[in-house]
Amino acid sequence: MIEIRGLIKRFDGKAVTRNAVDGIDLTVPEGELVTLLGPSGCGKTTTLRLIAGLERPDAGEIRIGGKAVYSSDDNVYVSVHQRPIGVVFQSYAVWPHMTAVQNVMFPLRSGQKKLPVPEARRKAMEALDLVGLADLADRPAPALSGGQQQRISLARALTREPEVLLLDEPLSNLDKGLRDRVRDEIRAVQQRLGITTVFVTHDQDEALAVSDEVILMEFGRIVERGPAQQIYARPRSEFTARFMGISNSIPGTVTACDDDLVDITLPHGSLRCVAAGDLEEGSQVNVFIRPESLSLSRKDATGKGWKGTVEFSIYHGDCWDYHVRVGDTLLRSRIYKEKVGLSHGDPVFVSPDEETAIAIPADAAPGGADAAPLAGTATAG
Ligand SMILES: Nc1ncnc2c1ncn2[C@@H]1O[C@H](COP(=O)(O)OP(=O)(O)OP(=O)(O)O)[C@@H](O)[C@H]1O
């Protein structure tokens, strides 16, 4: 288990206007994989490096397995080599003059507890087996693919039997097909070992695929957290909705509330949808609708369709994206059919799937520009 309280990190410099990590509280339960997700510069890597002991915080507390590895109040700082962690970076950091097994053995032979060669080799072989590379143990590192080299880094991180695994964008240097395979491998090993893991990525799909919990960050703070399905299907802030790819946003006004369902009047129609947070009659909202939740038809069978005109379409292989102008709004509708046959200028009716549309209060912008924190007065740790 990892417990983080009030974590602050500031990099001083002329252009610095805010803390890189700005008061983070976070618990990673035993055996779970938690992902830090967010745009470039939001503080994901810095948070991970603070947990690893590769950067020194300015304030707060970090506990691993119940023991403080950093505490500004108690003046505790445990160095990176003494923390019970394994770290995998974006660059594989595999030594080219060694074989696969020599790479994995290296930390066992060079650490404080220098193991004899046979024992180090046995442990390294166990770790290689775990990541499916035992057969390639004696192959020189440069003769391995990028994905295999990254699995060597993972095996090397696991040989010290760490309590916690820290993965910093481990898939970024791999091409698409390989990325999915190594991602699945990492999740399989993590679940098999039941090892508490923090995974940093800026890729939503990757985060959804591997996580028990997703932590969304912006400006050094946590904007939203929750199980992957909740973050995907029920975002509570505009920042999360947009970051998770809900590209259609329409401003509207609440006309009636019924538990977590609300009726909304939009510029070109109305709909009933799920409310994110407390809303009341008259509240201003933005309604977020996934492209795949907007269907198109030439005839308005229900009498509730929004009248629009096709502006352009994009073909993706397994689907089409139609960009349709409805009043002042350009909406994107994703259609998974081989041939839809709509083209520029065609009139259509757009129908939203009310079950998946979400109304988010227009002023609820925990990650918005207004919420961007200025640098706090961090105390030295
Ligand atoms: N060593 C450093 N010196 C000065 N500023 C730094 C340093 N490391 C990070 N920062 C700044 O701290 C902020 C957070 O950076 P961080 O690398 O943690 O973000 P990130 O979310 O991991 O981004 P990315 O996805 O691009 O790696 C950024 O504004 C960055 O410029």
Side-chain angles (χ1 to χ4, degrees), residues 2 4-26 28 33-60 62 69-70 77 79-80 83 85 87-93 150 153 157 164-176 179 182-183 186 197-211 213-225 231 237 239-240 242-245 366-381:
I2 306 171
I4 297 174
R5 297 288 164 259
L7 194 65
I8 291 178
K9 175 65 184 175
R10 178 183 171 81
F11 293 104
D12 284 322
K14 272 192 192 154
V16 175
T17 54
R18 58 173 69 95
N19 295 327
V21 173
D22 196 47
I24 282 190
D25 295 320
L26 172 66
V28 184
L33 189 154
V34 165
T35 298
L36 304 181
L37 173 69
S40 180
C42 72
K44 311 177 291 288
T45 292
T46 305
T47 304
L48 188 101
R49 290 174 65 82
L50 294 172
I51 300 170
L54 293 163
E55 299 282 356
R56 196 182 177 108
D58 289 302
I62 304 171
V69 291
Y70 172 76
Y77 185 79
S79 75
V80 55
R83 295 192 186 190
I85 54 163
V87 190
V88 175
F89 298 101
Q90 182 174 339
S91 58
Y92 326 130
Q150 192 54 302
S153 315
V164 161
L165 190 58
L166 304 172
L167 308 171
D168 187 9
E169 302 258 11
L171 309 174
S172 301
N173 279 349
L174 307 176
D175 58 32
K176 178 80 181 108
R179 203 183 301 167
V182 179
R183 176 200 68 196
I186 287 175
T197 301
V198 179
F199 186 106
V200 163
T201 181
H202 60 272
D203 182 314
Q204 315 81 305
D205 294 338
E206 213 167 281
L208 292 175
V210 297
S211 310
E213 189 179 21
V214 176
I215 310 283
L216 222 92
M217 291 181 65
E218 196 191 22
F219 300 130
R221 293 179 175 179
I222 295 176
V223 177
E224 198 165 337
R225 67 182 79 192
I231 293 285
S237 72
F239 172 77
T240 307
R242 288 186 209 286
F243 197 80
M244 298 313 290
D370 293 347
L374 290 178
T377 48
T379 50

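Start at 1 and go down the list; that is how both ligands and their atoms are numbered. The first residue of the sequence shown is numbered 1, and numbering continues consecutively from there.
Look at Cys42 and you'll find a heavy atom under 4.0 Å from some atom of ligand 1.
Residue pairs meeting the salt bridge (charged side-chain N to carboxylate O under 4.0 Å, His left out) criterion with at least one partner in residues 40-53, sequence neighbours excluded, are Arg49-Glu55.
Residue Val223 comes nearest to Ser237 through the heavy atom pair CG1-OG, 3.8 Å, listed as atom of the first residue, atom of the second, then distance. In terms of heavy atoms, Ala207 sits closest to Leu37 at CB-CD2, 3.9 Å.
Atoms of ligand 1 lying under 4.0 Å from at least one heavy atom of Ser40, given by number and element, are 23 (O), 24 (P), 25 (O), 26 (O). Heavy-atom contacts of Pro39 reach the following atoms of ligand 1: 21 (O) (cutoff under 4.0 Å).
By the criterion of a heavy-atom distance under 4.0 Å, neither the backbone nor the side chain of His202 is placed next to ligand 1.
Side-chain contact between Leu171 and Phe199 is present, with at least one heavy-atom pair separated by less than 4.5 Å.
No N or O atom of Glu55 sits closer than 3.5 Å to an N or O atom of ligand 1. Looking at Gly43 next to ligand 1, an N or O pair under 3.5 Å apart turns up. Annotation: Thr47 places no N or O atom under 3.5 Å from an N or O atom of ligand 1; distance criterion only.
Every side-chain hydrogen bond (donor to acceptor under 3.5 Å, both in side chains) that Glu169 has, sequence neighbours left out, goes to Ser172, His202.
Relative to the six-membered ring of Tyr77, Arg83 meets both conditions, a distance below 6.0 Å and an angle of at most 45° to the axis.
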